[in-house]
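Just the heavy atoms: all of them, side chains too, but no hydrogens, waters or symmetry mates, feed the values below. To find a chain, count down the sequence lines: A is the first, B the second, and so on, and within it residues start at 1. Keep in mind it's a predicted model, so treat the numbers as computed, not measured.
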Number of protein chains: 4
Amino acid sequence: MPAAIMGPDFARSVFIVVDMQNDFLHKDGSVGNRAREHPEAAIDFPFLMGTIPHVQRLAEAFRAANRPVVYVAHVLKPDYSDAAFPYWRVGINPGEGNHSHCVEGTWGAQIVDELKPQQGEHLVVKKGFGGFANTQLDTVLRNMAVNTCVVAGVTTCVCVSNTIRGGVEHNYRMVIAEDGVAEVNRQTHAGELATMQRLFADVMSVDDIAARLRGTGS
Amino acid sequence: MPAAIMGPDFARSVFIVVDMQNDFLHKDGSVGNRAREHPEAAIDFPFLMGTIPHVQRLAEAFRAANRPVVYVAHVLKPDYSDAAFPYWRVGINPGEGNHSHCVEGTWGAQIVDELKPQQGEHLVVKKGFGGFANTQLDTVLRNMAVNTCVVAGVTTCVCVSNTIRGGVEHNYRMVIAEDGVAEVNRQTHAGELATMQRLFADVMSVDDIAARLRGTGS
Amino acid sequence: MPAAIMGPDFARSVFIVVDMQNDFLHKDGSVGNRAREHPEAAIDFPFLMGTIPHVQRLAEAFRAANRPVVYVAHVLKPDYSDAAFPYWRVGINPGEGNHSHCVEGTWGAQIVDELKPQQGEHLVVKKGFGGFANTQLDTVLRNMAVNTCVVAGVTTCVCVSNTIRGGVEHNYRMVIAEDGVAEVNRQTHAGELATMQRLFADVMSVDDIAARLRGTGS
Amino acid sequence: MPAAIMGPDFARSVFIVVDMQNDFLHKDGSVGNRAREHPEAAIDFPFLMGTIPHVQRLAEAFRAANRPVVYVAHVLKPDYSDAAFPYWRVGINPGEGNHSHCVEGTWGAQIVDELKPQQGEHLVVKKGFGGFANTQLDTVLRNMAVNTCVVAGVTTCVCVSNTIRGGVEHNYRMVIAEDGVAEVNRQTHAGELATMQRLFADVMSVDDIAARLRGTGS
């Protein structure tokens, strides 16, 4: 028999918030520092920061509908001995220089103040880009009996995309909140959303998702 | 300790050929048919077909260097009951209409004639987009003691990208053969290669990879 | 929230038949040969063969209740280059000697005649011991929307046990058909069932499972 | 090509210490309490506790040989919403009664004093039984470039066994330290070791493993 459910089921959905950490989103975090110190890298930092209020609004909509919110965050040992990604490609040299990125126990690795997890909400630590890769995320979601994941956070082409792709591999219906995700540049962001929409996920605005959640009446 | 090896090691590499099947690349396969029948979809079919000679050349380079070639292919039951992707998004309706896509036992699911696997080469069947997702690919590669995967095939943003992302999750060094991959449109293709180069993989030409293989002297 | 469902739900169950292949169960298969040629190994071959009618009866009960039956089987390349287990421990030396074990394309790798899969039933090939390890089994089950797996086959401590343990890791409720499983000796078999019952799975007779299936009224 | 390496390679080995936590091993932990309060359960608590000095000695041998030690531990939310095992089978009812088991932030979930991880050693948190299941363990080991895992801890048939079986699925050579593992009863313990030795792992004494480590001269 083919898959019974085609498309999202908001009454059985979870909101997955990806990497909304100081090191990605605060002006004094590692990406903020890099954007300022390396203008030639052309990092669109305001675009990244701009996701915060949208993600906040969507988290509130899930809580209001009594649907769960789960955070995933990139948190690594100081020496990156647990890293599941080629960090040297982005110029990270663990233990050298004056900036750390997403290191366990640092302020930079924490979720931004505006989006702190509430009592009872899960925070799943990941060592690579995707929320489902070598983490307990699938376990937590199966225990919740959800079948649909709404995803927002940063960045569109990397950790958000890997989380969407991983969700598909685990048989979830995936939705991406298009105004709740951002990238270091707008061009690859737009391309990724086009690919997502074509084959991986419904691409919807925060407002449209919130409306669908209210419609579930749960 | 941080990862000892940063960057590819061609002397311990494997060539992974992704989805070079009639349904993706032959004019009478399902994508070829769709490109012809739905011009409004603007599928750049010549771009896809154009990968064949490059992939062929790279496969020969691996064989000449005594390095392994592994094929992955998308092969599904006629009713898509084993599909690990939202096939309804691309208009596939199993068992209806006059075209099938990558169905077990059909000509469309076979590797194109120009690239037939040679005696002893593995063909790994996958049910979703990524070569590493729920398949024996990692097992086969660990048995070969490889640490570096060179990837080519179709399509750049979907099955090639998922295979690169999956390889990163399994701690391989990844290389993408830039003239050996293609997408249904050139814009998302270019964006994906930019993302790959930034964070996931070395992006190199077939000729440069072949030169590095000769340099391994194996 | 804790897991909502504690214990099996037969109305949403699947029957997983593990390694009921000629090489494990037919007198002329590899284990049958070994039992005969190496009496000092004390392989209880009649115990293994004795599972066939029980598995047959349970498969019929699932079909009668319109619940799915899925086969998993151990199938390897002649050179064992895709093997995900230390085959050298059991004296397998690929390509040497006059017996092969579970090799692709051979009679020994086929499901025994008494239990041939019916039209539309899945046969999932695995390269190691567990049905869930690096295979599409979870995908097939998620598409079926099952939450409970009933497992039978051979051998209790190895492929059956790994499949039960893998199902637990994937959040399924697991049931083991105690008269539908067997081992090369009865002592480790009994110990494994005790461990299974304590922590992993309900241990039930074929008749009791069949009665519960009739009770689902599906 | 078949697997190049058959059997353990101690010069590239890691020591994995499984679940040596107060709740399993301290007389005031949850298993200790249960053993005392439920004599009818016949839990062989001295057998469990007896592993501590052996595991300690083996950890010291690894450190002396400059080989890594990695801890895995079972750590769960108070409501067990992240549990990847059927905890109701063992009578755990999260949030009720006066005992908790392996709950995040409690003394019971901590590694026993005798075996505290040293500076720089990894502690991998798992939500189910196996160290490799949905954790970063494979990532950490791949980064270390190890190919052989020596395993000790508790309990033999459950978390130790699942970790051995998971290591096999990830293509590691596995060794079990027979005097460094224990179970709640000695009979199933002995059966599991027999199964391990037959098909999964070398079963060796702590002294023999230590001697082999000294022989690596690293």
Tell me, side chain or backbone of [X] under 4.5 Å from chain A's heavy atoms, or both, or neither?
X        : result
B/Glu192 : side chain
B/Asn185 : neither
B/Glu169 : both

Counting heavy-atom pairs under 4.5 Å with chain B, which one of A/Val158, A/Asn171, A/Val168, A/Asn162 comes out on top? A/Asn162
Could you tell me which of A/Gly128, A/Gly130, A/Gly191, A/Pro86 has the largest number of non-hydrogen atom pairs under 4.5 Å with chain B? A/Pro86
Give the minimum heavy-atom separation between [X] and [Y], together with the two atoms involved.
X        : Y        : result
A/Thr188 : B/Ala194 : CG2-CB, 4.3 Å
B/Ala201 : A/Arg89  : O-NH2, 2.8 Å
B/Cys157 : A/Arg165 : O-NH1, 2.9 Å

Please check: side-chain N/O of A/Arg198 versus main-chain N/O of B/Val90, any donor-acceptor pairing under 3.5 Å? no
Verdict with reasoning, A/Phe200 to B/Phe85, per ring-ring contact (aromatic ring centres under 6.0 Å, His included): CA-CA 7 Å; A/Phe200 291 91; B/Phe85 70 106; 9.3 Å; no
Examine whether an atom of A/Gln197 lies under 4.5 Å from a heavy atom of chain B, and if so say whether it belongs to the side chain, the backbone or both; otherwise answer neither.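 Interface part for A/Gln197: both.
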